[in-house]
Structure formats: C-alpha cells, structure tokens
Chemist: 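Take this structure first; my questions come after.
Here, residue 1 is the first one in the sequence, and each next residue gets the next number. Values below: all heavy atoms of this structure, side chains included; hydrogens, waters and symmetry mates excluded.
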Amino acid sequence: MATDRAELTGYQFRQLRARILRESDVCIVCGHGHADAVDHIHPVSKGGARLDPDNLAPIHGVAGCPICLRRCNNEKGDRPLADVVQLHTSVDWFAGP
C-alpha cells in the first residue's frame, strides 16, 4: 500500500486537480455535477499512477454529493472504479422541477 502521499498535496497535484475540475465537475461515481475533489480511477495502492491526468477524475469529496447525498469518494475507497456501484438513472429524481 502506498504510504508516501506527500506528492498528493504538493503544487503539481494541486495544479492538476484544478485543471481537471475546470474541464469537468461531473462525478465519476454518481454522475452529478459540483464535484469538489479528484480521485484516482485505478487506485495508487493497486499500482495506479499518482500524477497521470488520465488516471484522475472528478468525484464528490468529504461533503458528498449535494444532489443524491452519496459520499462518492468514501464509497469508492481504494477499489477500482469498475467495482463501485455507479448511479445510472433515466430521470434525476433529486434535481427538482
């Protein structure tokens, strides 16, 4: 398991995070907007690249999703994205009228 997480709080990671969130704020787990964090699609603890932009995607962080109230990053944990139950609906019942 990866224990050196210092580079995940460094300048390079913060710049990469900002760029990814500028491009899209749609969460990879629930599909709703307003994601406030980025997460590794293939976990670093399982061999994923730490600073590869292709391995990072928007996700709802500590506060969770304001629409469906899921705690997307907590649900994903250190599992690959394919192992996480993703939200797929034809109608967003939480969006309101």
Chemist: May I ask whether Val84 and Val26 are part of the same hydrophobic cluster, defined by side-chain heavy atoms of I, L, V, M, F, W, Y residues being less than 4.5 angstrom apart, directly or through others?
Modeler: no

Chemist: Holding to side-chain hydrogen bond (donor to acceptor under 3.5 Å, both in side chains), I want the full list of residues that pass it with Arg19, two or more places apart in sequence or in another chain.
Modeler: Glu23

Chemist: Indicate yes or no: at least one non-hydrogen side-chain atom of Val29 is less than 4.5 angstrom from one of Ile59.
Modeler: yes

Chemist: A side-chain contact here means heavy atoms from C-beta on lying under 4.5 Å apart; do Pro58 and Asp25 qualify?
Modeler: no

Chemist: What's the spacing between Ile20 CD1 and Phe13 CZ if we round to 0.5 Å?
Modeler: 7.5 Å

Chemist: Closer than 3.5 angstrom, by distance alone: can the side chain of Arg71 be matched with the main-chain N or O of Gly61 as a donor-acceptor pair?
Modeler: no

Chemist: May I ask you to test the Lys46-Asp78 pair for a side-chain heavy-atom distance under 4.5 Å?
Modeler: yes

Chemist: On a heavy-atom basis, which atom in Cys68 and which in Cys30 lie closest, and how many Å separate them?
Modeler: SG-CB, 3.8 Å

Chemist: Is there a side chain to side chain contact (heavy atoms under 4.5 Å, CB included) between Leu21 and Val38? Walk through the geometry before answering.
Modeler: CA-CA 8 Å; Leu21 290 174; Val38 297; 4.1 Å; yes

Chemist: Determine whether a donor-acceptor pair (N or O, by modelled atom type, separation under 3.5 Å) exists between the side chain of Arg70 and the backbone of Pro66.
Modeler: no

Chemist: Any donor and acceptor pair, going by atom type alone, linking the side chain of His60 with main-chain N or O of Gly33 inside 3.5 Å?
Modeler: yes

Chemist: Quick one: CD on Gln15 to CG on Leu51, what's the gap to the nearest 0.5 Å?
Modeler: 12.0 Å

Chemist: Using salt bridge (Lys or Arg N to Asp or Glu O under 4.0 Å) as the criterion, list what pairs up with Asp39, not counting sequence neighbours.
Modeler: Lys76

Chemist: Side-chain contact, heavy-atom cut-off 4.5 Å: Ile28 with Leu81?
Modeler: yes

Chemist: Taking all non-hydrogen atoms of both residues, which atom of Arg50 and which atom of His40 are closest, and how far apart?
Modeler: O-NE2, 2.9 Å

Chemist: Tell me, do Cys65 and His34 make a side-chain contact under 4.5 Å, heavy atoms counted?
Modeler: no

Chemist: What are the two closest heavy atoms between His42 and Gly47, and how far apart are they?
Modeler: CD2-C, 3.8 Å

Chemist: Please give me the minimum heavy-atom distance between Asn55 and Ala49, naming the atom from each residue.
Modeler: ND2-O, 2.9 Å

Chemist: Give a yes or no answer on whether the side chain of Arg14 reaches the backbone of Thr9 with a donor-acceptor pair at less than 3.5 Å.
Modeler: yes

